[in-house]
Each structure stands twice: as C-alpha cells, then as structure tokens.
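Worksheet for the structure shown next.
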Amino acid sequence: METSANMRLAFSALSTSASPTKQNPKFTLPSSSQKPCNHYHRRHHPLSLSSSRRRQPLISSATSSSSSLSGEFPSSSSQDLAVLLEVEGVLMDVYRLGNHQAFNLAFQNLGLDCANWTRPIYLDLTRKARGDEQRMLVLFFDRIGWPASLPTSEKTAFVKSVLWEKGKALEEFVMTNDLPLRPGLENFIDDALLGGIPIVILTAYGNHGDKMARSIIEQLGQERVCRIKIVGKEEVERSFYGQLVFGKGASSGLDEQLAKEAKQAAAAQKLKVAEEVASLLKLSIELDDIPSESFQKIVATLRAGAEYASVPFKNCVLIAGSQVGVRGAECIGMPCVALRSSLTSRTEFPSASAVMDGFGGADLTISRLLLKRWS
C-alpha cells in the first residue's frame, strides 16, 4: 500500500548523529568575604522591579534596512530555507535585563539573607559556570557555605527550589515591564518574510514557561505574529514525529501492522537519543538508562518545527541561545547559529555552524544565511 510505504520511509529517516563536545576547563572560585548561611525559609516579598524603557514602536512592513536586502534573495534558495528561533536569549536578552535581580529576589523569598549577588559576583559566576545556572548556585554555596540546616542529601532539591523561585521572579519581571527585543530582530524577521522564508518560533522548551515566551513574542506585533509559526508543547505532541516518540496518537488512521512499526520506531528513537546524549557526556549507558525527557523534548521540538515549516530539517537553520539547543540541532544534523547573550557571552559552542553576537550589520542577517556566510 502506498501510504504504508511512505510511512515506512518516514520511519527509516529517524536517524541522527552526534559528536562529542569539548570538555569545559576546570573552574576556580574567587575569594569571598560573605558569611555562610545558617538557615533558610520561605518568605514572600512583593516584586518591586521597575524599568524606564519604553517599548519600541512595531514595524508593519520591512524597513529601509530590510529593503536593501530584498534583491539578495535567490528564489530557489529562499524556498529551501526555514529559520527556527529560540526565545530566551534570542528574541530578548532576558538574562541581561532581569536575571540578576530575579536571583536576589529568590534568595529573599527563601530567607537566604547571606546570599545577595552584586553585579560583579553574578557576572563572575556566569563566566565560570558557562551560563549553567545550577552550576552557578553550586559554585556560590560551595564557596560561602550551604545553609547549616540543609542535609547534604537535599542540596540538589535546594538548588532546584532556588531556580524555581528565580524563574517565577523573572517571569513576573518580563511580563510586567516593557523590555526591548534584541536590536535588529524585527528587521531580520521582516527580511525573512519578505523573501518567503518561513519563521518558526520554538516555545516548547526553555528555562522558563510558555506564558513568558508568548508575552515576548507578542511584542513583535500582530502583523508579524500572524505570519509566523509558533511551536509549543501541544504543537510538538500533534506533529508526526512527536506522536512517534511520545506515543500519543501514533496508531491513528494506520493499520495494525503499521502501528506496530510506528511504536518500534519510537522505541528505537528513544534509545538512539539516549546513546547520543551519553556520547556527548562521555558516559556509558545501559539499556534501561533513558535520557532526560527535556533532551527528547528538544529534539522533538526541532523536528516538529521543520514539519510545521514544511521544509526538510537539514534545510532549516536553528538560531539558538542555549547550549542544549545547539546540541539538539547537532544530534539531528540541523545547521545551527548560536547567538550570544549576556548569559553565554563567554560560552563556547564548538558544534554550532557559527557563533554570532546579534542581528544585522556584520552579524546575523538573512542574506548571510542564504549564502551560508558563517564568518
């Protein structure tokens, strides 16, 4: 049956590749005069962060800067390209605008009076931990001392509770302040739309919630938003690839044998992703060792993004602000441009096709993507 043949071809395409990344250098801790924490408890403080920035006026059509690139879109190339964008660090540098304040508010809410990061401390921890927020907290408390009332076995849970509080504070900060999008982003999107290049914004994974991500996307303006595709958790689960990997609806409309093959393909894909993650981390795994759901979700989101763009995933380019996004793209062979933010200003992205500092000018432009001018 033709449908079955096509589906089997789709299953055979579920193969990925991975290569190990460079190990990070050892971290050294700065000296600190802060006293160890004696105890911590939850305290509630109202969020009192303010911003004097006004939202930039929205652009309803390509600007003069965009128009200057309009003649550089070869029709054959633009039809074979789609751009996938992460939100945090790409659409908006939320880490530069509110992350530092959010950490301190989280410490206050947990009664950690011993922890109050000055800007230099925050930047130093960010550099040493390469933007890994969990690592930032571990480095800090290893240096000044963990709360005396905290059992050693609960350190991981404690770190997660701080990050959860920090995430809530950052979401509130972003959603209650008129914060600017990254310079050049609107022109970049206008250039893509002008050239008929699909723009897909990925909200299904990230350090913070979908609600915050969509509030950032809304700042692009209704005319842009209605012309782009947004891929969140529900869109990933409804995608063909998502149904295979997560087992939701894979047998819908298929005959029994084809449904069985779909489940086998999904199981094989999960094991393949597990092996790839282990390779990246230079670990050996057993058959029962399944990778974190978050990594599976990243890979599924990238595949789903290509599906919704109706472009082969190898012809998509991910603009990533996170290391996990870069690694996910590497695993499926999707070209990726890492866009530095204040959180990743010194992070190395060895597996990215290119590393750039921003949009426009000598950095990331649609014309450069079309011509694959990575440097």
Side-chain angles (χ1 to χ4, degrees), residues 29-30 32-55 87-89 91-150 154-182 203 205-216 218-219 321-322 341-345:
L29 288 167
S32 173
S33 60
Q34 290 183 270
K35 296 180 180 179
C37 295
N38 293 320
H39 66 278
Y40 78 97
H41 62 274
R42 180 176 301 277
R43 291 200 316 216
H44 298 281
H45 293 265
L47 186 68
S48 58
L49 303 174
S50 62
S51 171
S52 60
R53 290 184 176 272
R54 296 182 63 85
R55 185 173 301 173
V87 177
E88 298 170 25
L91 301 191
M92 178 184 288
D93 191 349
V94 296
Y95 305 106
R96 178 179 65 84
L97 298 168
N99 212 42
H100 172 213
Q101 298 96 317
F103 264 112
N104 283 334
L105 191 63
F107 296 146
Q108 293 175 28
N109 288 344
L110 292 171
L112 298 168
D113 296 332
C114 61
N116 182 30
W117 290 356
T118 63
R119 187 69 179 171
I121 290 176
Y122 171 77
L123 293 176
D124 192 53
L125 288 170
T126 299
R127 178 177 62 84
K128 286 178 168 57
R130 302 283 179 116
D132 184 329
E133 295 185 333
Q134 182 169 331
R135 181 64 178 160
M136 289 168 65
L137 290 169
V138 171
L139 286 172
F140 179 73
F141 285 106
D142 277 349
R143 179 66 183 88
I144 72 162
W146 296 79
S149 60
L150 182 71
E154 294 182 12
K155 285 183 178 180
T156 299
F158 167 76
V159 168
K160 289 182 178 179
S161 70
V162 175
L163 291 178
W164 187 77
E165 286 284 347
K166 193 275 300 186
K168 287 198 307 178
L170 184 60
E171 286 182 26
E172 185 174 349
F173 178 82
V174 171
M175 296 176 65
T176 57
N177 291 270
D178 287 335
L179 305 176
L181 299 170
R182 289 196 65 155
T203 68
Y205 67 89
N207 291 330
H208 304 97
D210 182 80
K211 192 174 181 180
M212 186 183 86
R214 292 186 183 264
S215 73
I216 294 173
E218 287 175 1
Q219 294 195 40
S322 65
S341 68
S342 59
L343 190 67
T344 59
S345 60

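Heads up: numbering here begins at 1 and tracks the sequence.
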Legend entry - From CA spacing to verdict: side-chain contact (heavy atoms from CB on, under 4.5 Å), L112, F158: CA-CA 12 Å; L112 298 168; F158 167 76; 3.7 Å; yes
Inset, instruction - Please report the C-alpha distance between E172 and M212 in whole Å, then the side-chain angles of each, then the deciding distance to 0.1 Å, and finally whether the side-chain contact (heavy atoms from CB on, under 4.5 Å) criterion is met. - result: CA-CA 8 Å; E172 185 174 349; M212 186 183 86; over 6 Å; no
Inset, instruction - Find the distance between CD1 (I216) and CG (L181) and round it off to the nearest 0.5 Å. - result: 8.0 Å
Legend entry - Partners passing ring pair (Phe, Tyr, Trp, His ring centres under 6.0 Å) against F103 (at least two apart in sequence or in another chain): W117
Inset, instruction - Take M92 and V87 through the side-chain contact (heavy atoms from CB on, under 4.5 Å) test and state the conclusion after the steps. - result: CA-CA 7 Å; M92 178 184 288; V87 177; over 6 Å; no
Inset, instruction - Answer yes if the side chains of N99 and K166 hold a donor-acceptor pair under 3.5 Å, and no otherwise. - result: yes
Inset, instruction - Compare every heavy atom of Q134 with every heavy atom of V159, then report the nearest pair and how far apart it is. - result: CG1-CG, 3.6 Å
Inset, instruction - Can you sort out the partners of S341 under side chain to side chain contact (heavy atoms under 4.5 Å, CB included), two or more places apart, ordered by chain and number? - result: D93, Y95, R182, L343, T344
Inset, instruction - Show your reasoning for whether side-chain contact (heavy atoms from CB on, under 4.5 Å) applies to K160 and T156. - result: CA-CA 6 Å; K160 289 182 178 179; T156 299; 4.0 Å; yes
Legend entry - Distance in Å, Q101 CD paired with R119 CZ, rounded so as to fall on 0.5 Å steps: 7.0 Å
Legend entry - Value rounded to 0.5 Å, distance of CG in L150 from NZ in K155: 7.5 Å
Legend entry - Pairwise side-chain contact, F140 with V162, heavy-atom cut-off 4.5 Å (strictly under): no
Inset, instruction - Please round to the nearest 0.5 Å and tell me the distance separating atom OG1 of T126 and atom CZ of R96. - result: 14.0 Å
Legend entry - Nearest-0.5 Å distance that lies between atom OG1 in T118 and atom CG in L123: 8.5 Å
Inset, instruction - Could you pull out the closest heavy-atom pair between L179 and V174, with the gap in Å? - result: CD1-CA, 3.8 Å
Inset, instruction - Enter the distance from F107:CZ to C114:SG here, rounded to the nearest 0.5 Å. - result: 8.5 Å
Legend entry - Check: Y122/N104 side-chain N/O donor and acceptor closer than 3.5 Å: no
Inset, instruction - Return yes if a side-chain donor-acceptor contact under 3.5 Å exists between N116 and Q108, otherwise no. - result: no
Legend entry - Exercise: identify the closest heavy-atom pair between G98 and L170: C-CD1, 3.6 Å
